Amino acid sequence: MSHDTLPRPTATDKRPERPQAESRRRRHWTRRANPLAGLGSIVWLVIVLVPIYAMLSASLTSQDKSLTGNPLKPPTDPTLDNYNTVLNSGFGHLLSNTVIVAVTVVGIVLGLCVPLAYVAVRTRTRWSGAAFRLFLLGVAIPAQAVVVPLYLLIAKLDLYDSLLAVILPTAAFAMPVSVLVLTGTLRDISEDLYEAMALDGASPLRMLFQLTIPLAKGGISTVVIYAALQAWNGFLFPLIFTQSDEPRVLTLGLFNYVSQFGVNIPALLASVVLSGIPIFAVYLVARRALIGGLMGVGGK
């Protein structure tokens, strides 16, 4: 039979394509209503938003009215005096110290944990496995259990009452979880990509910067958010390792509104609101990569 006499499909030949049918069924399944999940989402949203609303409402209330009335009721006479009080009480100095601590901690964690995770994934030696297990052991050690030895060590190094006394322990305790997250992310990178770069003559250092780091943005973003949160919200190390006002950070600055005779609750909550805005902005920028890293698909 020649090429010209081959039967050609006509418009009446409607053969169902199985992959497309399965894809349509899958889309129909994913679009089905789930009232229970919707109800749970609404409940969770209320649980999260009600405290935030109460905090914002109280921060706009005058001090003499902060302990009277319904805390969920909108303020009848909102005022920004509490925010002016916070901004005029050395908030800029506290914020700059906290930013220095957070940025330095993130830099130390990334500078050390990314190469460590790369070696743990790419090297199959006894020493690399032992180092990785040592970092995993650090996850189980709480900071409260070693605060006294840390205090003696920092005093011996003449670092007491300085920002370094806060930065170094914070970075050290953020590293175990960071190594764990980055190791899981780097293991998702295909071995074929490493072999292809090795055939091109790429060195391990070049693979790290040109292959591993670009494909591990999700895990790196997760580590950045985690380390920044540890530094931003840290209270134990600044409380024990600092004393004067010069190295004071935001978490210790909240004590400015606590006196012997009472607590300025509206100003305290206004300070909490202002201190939470920068780290919330960082989360908004990196939220997609953060979610991808937490789901274990950051390297894909």
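These numbers come from a predicted model, not from an experiment. Both backbone and side-chain heavy atoms feed into the values below; hydrogens, waters and symmetry mates do not.
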Next on the checklist: With a sphere of 6.0 Å drawn around CG of Asn34, does it hold more than 12 non-hydrogen atoms of other residues, nucleotides or ligands?
Outcome noted: yes

Item to check | Set of side-chain hydrogen bond (donor to acceptor under 3.5 Å, both in side chains) partners for Ser62, sequence neighbours left out | outcome: Asp64

Just distance, no hydrogens or angles: give the donor-acceptor pairs under 3.5 Å from side chains in residues 235-245, sequence neighbours left out.
unit_1	atom_1	unit_2	atom_2	d
Thr242	OG1	Pro238	O	2.2
Ser244	OG	Asp161	OD1	3.2
Ser244	OG	Asp161	OD2	2.9

Hey, can you pull the donor-acceptor pairs under 3.5 Å for the side chains in residues 171-183, sequence neighbours left out?
unit_1	atom_1	unit_2	atom_2	d
Ser178	OG	Ala174	O	2.7
Thr183	OG1	Val179	O	2.6

Item to check | Matching residue for Trp232 among Val249, Val99, Thr251, Val105 - test: side-chain contact (heavy atoms from CB on, under 4.5 Å) | outcome: Val99

Item to check | Pairwise ring-ring contact (aromatic ring centres under 6.0 Å, His included) hits with a residue in residues 74-113, at least two apart | outcome: none

Next on the checklist: Taking Leu134 as the starting point, is it possible to reach Leu116 by hopping between hydrophobic residues whose side chains are less than 4.5 Å apart?
Outcome noted: no

Checklist entry - Can you name the closest pair of heavy atoms from Ala102 and Ala231 and give their distance? => result CA-CB, 3.6 Å

Checklist entry - Distance from Ile189 atom CD1 to Thr212 atom OG1, nearest 0.5 Å? => result 5.0 Å

In residues 138-152, what donor-acceptor pairs under 3.5 Å come from side-chain atoms, sequence neighbours left out?
none

Item to check | Matching residue for Ile279 among Ile225, Thr98, Leu229 - test: side-chain contact (heavy atoms from CB on, under 4.5 Å) | outcome: Leu229

Checklist entry - Is there a donor-acceptor pair closer than 3.5 Å between any side-chain N or O of Thr123 and the backbone N or O of Ala120? => result no

Checklist entry - By the rule that ILVMFWY residues connect when side-chain heavy atoms come within less than 4.5 angstrom, directly or transitively, which residues belong alongside Leu36? => result none

Would you mind writing out the side-chain donor-acceptor pairs for residues 41-50 within the sub-3.5 Å range, not counting sequence neighbours?
unit_1	atom_1	unit_2	atom_2	d
Ser41	OG	Ala37	O	2.9

Next on the checklist: Let me check something: do Val273 and Leu268 share a hydrophobic cluster, defined by ILVMFWY side-chain heavy atoms less than 4.5 Å apart, either directly or through other members?
Outcome noted: yes

Checklist outcome for this item: Sequence neighbours excluded, the answer for salt bridge (charged side-chain N to carboxylate O under 4.0 Å, His left out) partners of Glu195 is none

Next on the checklist: If the condition is salt bridge (charged side-chain N to carboxylate O under 4.0 Å, His left out), which residues does Arg206 pass it with, not counting sequence neighbours?
Outcome noted: none

Checklist entry - Are Leu137 and Val119 in one and the same hydrophobic cluster, where Ile, Leu, Val, Met, Phe, Trp and Tyr link if side-chain heavy atoms are under 4.5 Å apart? => result no

Checklist outcome for this item: By side-chain hydrogen bond (donor to acceptor under 3.5 Å, both in side chains), Ser271 pairs with (sequence neighbours left out) none

Next on the checklist: Any non-hydrogen side-chain atom of Leu56 less than 4.5 Å from a side-chain atom of Tyr53?
Outcome noted: no

Checklist entry - Which residue pairs pass the ring-ring contact (aromatic ring centres under 6.0 Å, His included) test when at least one of the two sits in residues 108-132, sequence neighbours left out? => result none

Checklist entry - Residues in side-chain hydrogen bond (donor to acceptor under 3.5 Å, both in side chains) with Asp81, at least two apart? => result Thr79

Checklist entry - Which value, rounded to the nearest 0.5 Å, describes the distance between Thr61 atom OG1 and Asn82 atom CG? => result 7.5 Å

